[in-house]
Amino acid sequence: MSIIHSPQSLEQTNIEWFIEAIKEYNPAANLAPIYESYSFSKMKHEGQFRKSGDPYFIHCMGTARNLIEWRMDVDTIAAGFLHDVLEDTDTIPEELREKFGEEITHIVEGVSKISLLPFRGIESQAENFRKMILAMSKDIRVTLIKLADRLHNMRTLEYLPHRSQLRIAGETLDIYGPLAQRLGMAEVSAELQDISFKYLNKEIHQELEERVEKEIKDRGKYIENLSQVIAETLKQSGLNCKVKGRRKSLYSIYQKMQSRDIPFEDIHDLFAFRVLVDTVGDCYAGLGMIHSRWKPVPGKIKDYIATPKTNGYQSLHTTVIGPGGKPLEIQIRTQEMHEVAEHGIAAHWRYKEGSTASAEDARFLWLRRIVEDMQELKNPRHFMESVKLELFPEEVYVFTPKGEVKGLPKGATPIDFAYSIHTEVGHQCIGAKVNGATVPLKEELKSGDIVEIITRSGSNPSRDWLRFAKSSRARGKIRHWIREAEREESIQLGQDLLEGEIQERRLDINMKKLLKSDELLEAANELNLTSIDDLLAHLGYGKVSAPHVINLIAPESIEKPAAKPAQSDKTLRQKLKGSVKVGGLGQQFIRFAKCCNPIPGDEIVGYITRGRGVTVHRANCPEISGDTERIIQTQWEDEKESVYTVEISIESDDRKGMLAEVTAAIAKESVNIESGNISTADAKAATSFTVQVNDLDHLSRLMDSISKIKGIKKVERKN
Ligand code: MN
């Protein structure tokens with residue numbers, strides 16, 4: 001086994017361990033600075049102790065050991081041992097310069113300069129980033145040491161007082177985690193996030209951990225077998241490969257639950273498989289073999305080899321339908337890509353002595369841009385905007401009126417912003433101002449925008465928002481709300497349907513009592529449902545019929561043959577008490593049928609559409625047939641401001657000025673024309689208009705005044 005990954009504790013680690021570990025990956029290294037920095041740091045920190053009771057030097061070893069795991073060069077590891085001597089001991093830079101030379105001293109000074117201010121408000125946030133970026137642009141190794149230092153501190157966070165734990169965990173989640181991510185250090189970033197999560201959300205973290213552990217117990221064998229099956233599939237075709245099943249990080253699972261608003265049970269990808277092969281060609285060949293064995297899920301195939309991520313990450317990703325119909329997530333990459341994926345920038349940097357990973361390097365163009373901006377952008381807000389833009393290119397950064405920064409996915413709208421503040425702000429959002437000007441809710445936000453959300457209590461989300469909400473958080477919250485509201489509506493509809501059926505059969509059943517009765521619950525159980533509400537919701541969705549349910553609770557009553565809906569309209573009105581109002585609350589669940597375009601004043605009926613609410617038809621619409629239990633009484637509510645679309649056709653003489661007169665008549669009745677269509681033949685004209693009217697009265701007035709125009713033969717409402 002590699003000495004670097006030996007499970008030895010830090011207390012057992014000594015200078016020999018460090019020397020052997022470095023030799024393992026860098027046999028030609030000049031090890032003198034390692035010996036010297038080790039003993040210098042140990043001597044300087046002598047008598048100092050950590051909160052854990054450990055000698056302080058343990059922390060220096062922990063930091064250096066992380067750097068060795070990332071296979072860093074000797075100077076960086078030496079600077080790792082020394083990273084705290086300037087700040088926490090009486091050592092002065094000259095002493096270091098004399099003993100270790102310019103390069104190592106420079107790195108140690110760089111690390112010492114980034115002692116972060118408490119992370120609060122945009123000014124100190126900007127200042128922190130400024131320091132970090134400046135040091136990083138001079139030598140990227142400064143940041144790597146800072147990350148190694150933070151990683152060891154996070155691993156030993158349990159010994160600090162609670163308040164410090166929260167502050168440090170928050171800062172890690174806000175700054176160091178994303179920074180590691182941007183540098184492509186996936187493994188480090190995941191560990192930093194997981195530990196922060198553990199301290200910031202103790203209970204949820206613990207619960208998740210227990211659940212995942214249980215899954216591993218239950219499915220560990222399955223995962224292992226599956227790894228073998230994948231490996232054999234590839235080996236049969238002559239591919240040399242290594243396959244590993246791995247658990248996803250708890251924080252990433254938690255983020256998914258949060259952003260999609262789904263419970264743990266609905267997360268199906270707790271595990272993922274990683275396939276390591278020899279060459280780029282083997283990656284594609286392997287993907288082909290996996291796809292020929294299991295069906296890939298469309299839209300889940302990602303080629304990050306041809307188009308690497310901005311942080312240099314390369315791999316092929318796919319999700320296939322595996323054994324038992326369960327989705328399997330598989331990543332395929334070469335060993336080299338794997339190194340980059342785990343260690344990111346550190347893998348590029350490595351122990352190549354003499355190379356400098358500074359802002360001059362093409363890979364760090366983004367870093368150079370930030371440094372340039374830094375000199376120009378004195379305003380902390382503008383500076384932060386530019387930093388984040390470069391650090392997280394897939395996001396936009398906008399501000400609350402109080403100057404708080406919010407990161408949103410590219411293409412985000414005020415709706416996304418509203419939900420990023422609070423779920424209720426999102427739900428009750430009715431408008432937005434960007435940089436002081438009112439904008440539509442679907443306006444795309446740009447980095448630097450100051451966004452203000454206008455809310456009205458009692459206002460509700462609209463299904464429409466899903467068309468332009470970008471963030472998974474907003475989309476999840478909107479979907480969740482719609483599901484809940486649909487369920488409530490469905491339960492109400494279910495009650496109405498049940499009551500209608502009871503009256504139809506003239507049964508002596510008290511509705512109120514029935515809704516709390518054991519009989520109804522038993523009926524629900526018989527249908528594999530666990531509660532009465534579930535049963536009512538199923539009724540409302542049209543998944544089960546009211547006669548079926550009544551047959552279960554009153555088998556002796558007779559089910560009457562279905563009446564024709566056109567005739568039964570009146571009976572329906574009598575028998576169904578609770579009526580769906582059109583134009584009132586819950587309007588997002590009511591749609592108007594395109595076949596007959598009902599308008600207020602028309603006799604109407606509602607038709608329950610599976611899982612979608614109610615479609616309103618004119619009562620005599622021929623599209624309504626059979627299935628009477630899906631018809632529900634529908635009434636117009638008084639609402640003057642609504643407009644309804646209706647199509648009228650006009651037959652007339654084809655004479656000069658006719659069209660102008662007709663449109664004038666339409667305008668005089670304050671009717672909007674949506675579209676029009678004219679055809680003429682044999683001195684006759686056939687015109688049709690799609691217009692918007694308030695109700696049936698309004699339409700009659702309009703048709704009246706058109707008929708009065710000279711030369712009009714016929715005015716008709718279509719359908
Ligand atoms: Mn430290």
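Indexing begins at 1, ligand by ligand and atom by atom, following the structure's order.
- At least one N, O or S atom of H83 sits under 2.8 Å from the Mn ion (ligand 1).
- Annotation: angle subtended at the Mn ion (ligand 1) by H59 NE2 and D149 OD1 is 80°, to 10°.
- Checked against the 6.0 Å centroid threshold, F57 and H45 do not count as a close aromatic pair.
- In this structure, a donor-acceptor pair under 3.5 Å is absent between the side chains of Y159 and D54.
- No salt bridge links K217 with E213; every basic N to acidic carboxylate O contact stays at or beyond 4.0 Å.
- No other N/O/S atom of D84 lies as close to the Mn ion (ligand 1) as OD2 does.
- Figure legend: cation-pi geometry between R247 and F271 absent, as NZ or CZ is not positioned both under 6.0 Å from the six-membered ring centre and within 45° of its axis.
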